[in-house]
Colleague: 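If you scroll down you'll find the structure; I have some questions about it.
What's counted below: heavy atoms across the whole structure, side chains too, no hydrogens, waters or symmetry copies. Just so we're on the same page: letters track the sequence lines, and every chain starts at 1.
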Protein chains: 2
Amino acid sequence: MTNDRSLRAMPRRTRQREAVAELLTRHPDFISAQRIHALLASSGAQVGLATVYRSLAQMVADGLLDTIVSDSGEVLYRQCSSAHHHHLVCRSCGTTVEVHDTQVEQWAESVARAHDFADVQHRVEVVGLCQACAS
Amino acid sequence: MTNDRSLRAMPRRTRQREAVAELLTRHPDFISAQRIHALLASSGAQVGLATVYRSLAQMVADGLLDTIVSDSGEVLYRQCSSAHHHHLVCRSCGTTVEVHDTQVEQWAESVARAHDFADVQHRVEVVGLCQACAS
DNA sequence: CTTTGTGCAAAGGCTTTGCATGCTT
DNA sequence: AAGCATGCAAAGCCTTTGCACAAAG
């Protein structure tokens, strides 16, 4: 074998994977597999739903994507190169505000440290009613 | 009609609902509907799965339960009388540490206020590797 | 007696998987 | 040529819903 075992095989370059990756690059926010599939279909790219799921699974395994689970149970994907931030979501109209804030990050760190946890990730969702919907 | 429309009808008292409520009272942490159903079954109480789901939906609507969605997409329920806290979870062995901390609460409040959001809830998960699993 | 709750089974939505075929390397 | 990737359809989970029957008030 001519490989270095420390490096995993790279996924093959296919039209479908490129399409999924490209869409995720263009799309800055969390999006579901179903929606990705629909968007690709409506923009002419023929990609099977199963392939979308498999591509996403790959990218998640490779650490290229962040995932969260929506309230309805759908998994949402986002390219994780984008700066880490959290969302403030209106539960009525769906308006989303990005929150960049180091406080939570520090909090998560300190909690982890206090309990000797390593390699921590955190996930924060704040849901409420925006001014417009509160009235 | 003899009712005051401001009060919603109270759910009827049935063996099944009591069983579900009682189990949730005994169980201090988040638990899935499926698991509730299984536990009830194995402890002799005959409660249909659909009934478990409907009972839970009721209690959620009545504000008696908190819910979160697990990574696998299952909805987890918890009696919300218990003090609000967050979990620090080991992604390897599943060990869970309850974190009582006012910092995050305050952070969520301030973020909400800064964006004129009302009636906010928040959900925080910190996942990492505990000391034992990190070695 | 009227209304609400229950059970069962079927249906729904998201995701995964088996298998034959096609494409990348 | 060899092996991973794709597509399709079937199957798997969790959850919801339709309908007839049972129970609560």
Colleague: Quick one: bend of the helix from dC1(C)-dG25(D) to dT25(C)-dA1(D) from 5 pairs per end, to 10°?
Modeller: 30°
Colleague: Do Phe30(A) and Asp66(A) make a side-chain contact, defined as non-hydrogen atoms from C-beta onward lying under 4.5 Å apart?
Modeller: yes
Colleague: What is the separation between atom CD1 on Ile31(A) and atom P on dC14(C), rounded to the nearest whole Å?
Modeller: 13 Å
Colleague: How many angstroms lie between atom CD of Gln131(A) and atom NE2 of His115(B), to the nearest 0.5 angstrom?
Modeller: 12.5 Å
Colleague: Any side-chain N or O of Gln16(B) below 4.0 angstrom from OP1/OP2 of dG7(C)?
Modeller: yes
Colleague: Expressed in angstrom and rounded to an integer, what is the separation of His37(B) atom NE2 from dT16(D) atom P?
Modeller: 15 Å
Colleague: Grab the CD-P distance between Glu18(A) and dT6(D) for me, whole Å please.
Modeller: 11 Å
Colleague: If you compare every side-chain N and O of Arg13(B) against the phosphate oxygens of dG25(D) (OP1, OP2), does one of them come in below 4.0 Å?
Modeller: no
Colleague: Check whether any side-chain N or O of Arg17(A) sits under 4.0 Å from OP1 or OP2 of dT6(D), and answer yes or no.
Modeller: yes
Colleague: Whole angstroms only, please: what is the CG-P distance between Leu49(B) and dT15(D)?
Modeller: 8 Å
Colleague: For nucleotides 17-21 of chain C, tabulate all protein N/O to nucleotide N/O atom pairs closer than 3.5 Å, reporting atom names and distance.
Modeller:
| from | atom 1 | to | atom 2 | distance (Å) |
| --- | --- | --- | --- | --- |
| dG18(C) | O6 | Arg54(A) | NH1 | 3.4 |

Colleague: To the nearest Å, give me how far apart CD1 (Ile36(A)) and P (dT15(C)) are.
Modeller: 10 Å
Colleague: Separation of Arg15(A) atom CZ from dT6(D) atom C1', in whole Å?
Modeller: 9 Å
Colleague: Any base atoms under 4.0 Å from Glu74(B), or only sugar-phosphate, or nothing? Heavy atoms, all strands.
Modeller: sugar-phosphate
Colleague: Looking at CD1 of Ile36(B) and CG of Leu24(B), how far apart are the two atoms once the value is rounded to the nearest 0.5 Å?
Modeller: 4.5 Å
Colleague: Going from CZ on Arg54(A) to CD on Gln58(A), what distance comes out if it is rounded to the nearest 0.5 angstrom?
Modeller: 11.0 Å
Colleague: Can you tell if the side chain of Gln103(B) reaches within under 4.5 Å of the side chain of Val111(A), non-hydrogen atoms only?
Modeller: no
Colleague: Under a 4.5 Å cut-off applied to non-hydrogen side-chain atoms, are Thr51(B) and Arg17(B) in contact?
Modeller: no
Colleague: Mapping Thr51(A) and Val75(B) to their closest nucleotides on DNA chain D, which lands nearer the 5' end?
Modeller: Thr51(A)
Colleague: Quick one: is dG5(C) close enough that its OP1 or OP2 comes under 4.0 Å of any side-chain N or O from Ser55(B)?
Modeller: no
Colleague: Roughly how far, to the nearest 0.5 Å, is the CG atom of Asp101(A) from the CD atom of Gln106(A)?
Modeller: 8.5 Å
Colleague: State the CD-NE2 distance between Glu105(A) and His100(A), to the nearest 0.5 angstrom.
Modeller: 10.0 Å
Colleague: Start at the 5' end of DNA chain D and walk down; is the nucleotide closest to Arg12(B) or to Ala33(B) reached first?
Modeller: Ala33(B)
Colleague: Using only side-chain N and O atoms of Thr14(A), determine if any of them is under 4.0 Å from OP1 or OP2 of dT6(D).
Modeller: yes
Colleague: Do Val52(A) and Tyr77(A) have side chains that approach each other closer than 4.5 Å (heavy atoms only, starting at C-beta)?
Modeller: no
Colleague: What integer distance in Å separates Leu40(A):CG from dG7(D):C1'?
Modeller: 15 Å
Colleague: From Ser55(A) OG over to His37(A) NE2, what is the distance, rounded to the nearest 0.5 angstrom?
Modeller: 11.0 Å
Colleague: Rounded off to whole Å, could you give me the CZ-to-P distance for the Arg35(B) and dC13(D) pair?
Modeller: 17 Å
